[in-house]
Participant: 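Submitted below is the structure of interest, expressed as structure tokens.
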Protein chains: 2
Amino acid sequence: MSPLTNKRVTRQRQLVYDCVIDRKDHPSANEVFVDLQSSGIGLATVYRQLSAMVDEGILKSFEHSGQIRYDRLVTPHAHFVCSVCDEIWDVDLPKNIFSMAPVESNADIEELDLTWKGICKACK
Amino acid sequence: MSPLTNKRVTRQRQLVYDCVIDRKDHPSANEVFVDLQSSGIGLATVYRQLSAMVDEGILKSFEHSGQIRYDRLVTPHAHFVCSVCDEIWDVDLPKNIFSMAPVESNADIEELDLTWKGICKACK
DNA sequence: AACATAATGATTATCATTATCATTAAGAAA
DNA sequence: TTTCTTAATGATAATGATAATCATTATGTT
């Protein structure tokens, strides 16, 4: 568990965090809940802990087909989504992407969301 | 109304389309519904027509804080979102962005979603 | 004018997420 | 170790966005 937090280390918090880290993919709250079902954790706790961890900066989140997905990778990166199997991969951002911010916005860019869409190797 | 469709031109379809075109922003289905309330249109019809128009390619859509937003601009472009006022602007994609597709994906890119986030001029 | 059927509107259902609140348990203090 | 404060939990209800259902209406064709 990350030290960057002054929250109580409950059994449930540890379970949720470990689940996202171990899965290595981009689970929804419900997928984490299903994984931890046998532990007796409550659904509300899964939702609470996941969004708390995003606030604390130890997890990231993004929207995908109407639901929030969680990501253990918190450094800036992009995603590739297969339009056939709907799987998601972490991919690198283009080099110097932040220098390509639109002048129209006339603003300091804090972050960006970049998702590439296509058909993955397996589906092709 | 775009000619690219063989759908029946109902009064409701015309109203929904004109609303999105006239607004010039990125309304949700409910915002379109509220605009058209006085016409007596049904909420389900607004949802149906908007998603139909996206399927037909005469409108685009994207997810924004848990809801689907509709965009009259169907050519490839990015968005800038202000983290303070939550307003959304259409902005140009970086030049040659499609040539920067990640090699990891090993796939043909069909499209991409790019959203810049920061504080807009007005909020700064 | 008649017809076939796509579209509509009212409503219900679904799904993801958040709020509520009584109970439990971390972790600090005694 | 026991006590104590209060954050966290779990069960459940509430919310909000969107999709599905179905009887009725109206478009566009014959």
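Chain identifiers are assigned alphabetically (A, B, ...) following the order of the sequence lines, protein sequences preceding nucleic acid strands; residue numbering begins at 1 within each chain.
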Participant: Would a hydrophobic clustering, with Ile, Leu, Val, Met, Phe, Trp and Tyr connected at side-chain separations under 4.5 Å, put B:V74 with B:Y70?
Facilitator: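 No, B:V74 and B:Y70 fall in different hydrophobic clusters.
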Participant: Please determine whether salt bridge (Lys or Arg N to Asp or Glu O under 4.0 Å) holds for the pair A:E110 and B:K124, giving the CA-CA distance in whole Å, both sets of side-chain angles, and the decisive distance to 0.1 Å.
Facilitator: CA-CA 13 Å; A:E110 298 166 342; B:K124 229 177 0 187; over 6 Å; no
Participant: Rounded to whole Å, please give me the gap between NE2 in A:H64 and C1' in C:dT17.
Facilitator: 18 Å
Participant: Would you mind reading off the distance between A:D55 atom CG and C:dT17 atom P, rounded to a whole angstrom?
Facilitator: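 Atom-to-atom, A:D55 to C:dT17, this comes out as 15 Å.
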Participant: Using a heavy-atom distance cut-off of less than 4.0 Å, which residues of residues 30-44 of chain A contact DNA chain C?
Facilitator: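 When residues 30-44 of chain A is checked for heavy atoms under 4.0 Å from DNA chain C, the hits, listed by number, are A:A44.
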Participant: Rounded to the nearest 0.5 Å, what separation is found between the CD atom of A:E56 and the OG atom of A:S51?
Facilitator: 9.5 Å
Participant: B:R48 has an atom CZ; how far is it from atom P of C:dA10, in whole Å?
Facilitator: 11 Å
Participant: Any chance the rings of A:H79 and A:H26 have centres within less than 6.0 Å?
Facilitator: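 They qualify: ring centres under 6.0 Å apart.
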Participant: Quickly work out the A:Q67 CD to C:dT18 C1' distance and round it to whole Å.
Facilitator: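 Checked: the CD to C1' distance equals 16 Å.
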Participant: To the nearest 0.5 Å, tell me how far B:L114 CG sits from A:W116 CH2.
Facilitator: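 Going from the CG atom of B:L114 to the CH2 atom of A:W116 covers 8.5 Å.
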Participant: B:Q14 CD to C:dA7 P: how many Å, rounded?
Facilitator: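 In whole Å, C:dA7 P and B:Q14 CD are 14 Å from each other.
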Participant: Using atom CD of A:E63 as one end and atom C1' of C:dT17 as the other, report the distance to the nearest whole Å.
Facilitator: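 In whole Å, C:dT17 C1' lies 12 Å from A:E63 CD.
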Participant: Could you give the distance from CG (B:D18) to CZ (B:R13), rounded to the nearest 0.5 Å?
Facilitator: 11.0 Å
Participant: Under 4.0 Å between a side-chain N/O of B:Y47 and OP1 or OP2 of D:dA19, yes or no?
Facilitator: no
Participant: Generate the contact string for nucleotides 22-30 of chain C. Rules: B means base contact, S means sugar-phosphate contact only, - means no protein heavy atom under 4.0 Å.
Facilitator: ----BS---
Participant: Over its full length, what angle do the end axes of the helix from C:dA1-D:dT30 to C:dA30-D:dT1 make, each axis taken from five pairs and the result rounded to 10 degrees?
Facilitator: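 Overall, the helix from C:dA1-D:dT30 to C:dA30-D:dT1 bends by 30° from one end axis to the other.
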Participant: If the test is side-chain contact (heavy atoms from CB on, under 4.5 Å), which one of B:V20, B:I68, B:T45 qualifies with B:L50?
Facilitator: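 Answer after filtering B:V20, B:I68, B:T45: B:V20.
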Participant: With no hydrogens and no angle check, is any side-chain donor or acceptor of B:Q49 less than 3.5 Å from a backbone partner on B:Q12?
Facilitator: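 It does not hold such a pair.
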Participant: Starting from A:L93, can I reach A:V91 by hopping between I/L/V/M/F/W/Y residues whose side chains sit under 4.5 Å apart?
Facilitator: yes
Participant: Do B:V16 and B:I41 have side-chain heavy atoms sitting under 4.5 Å apart?
Facilitator: yes
Participant: CD of B:Q49 versus P of D:dT27: gap in Å, rounded?
Facilitator: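 It is 13 Å, rounded to the nearest whole Å.
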Participant: Hey, quick one: are A:I88 and A:I119 part of the same hydrophobic cluster, counting side-chain heavy atoms closer than 4.5 Å, chains of contacts allowed?
Facilitator: no
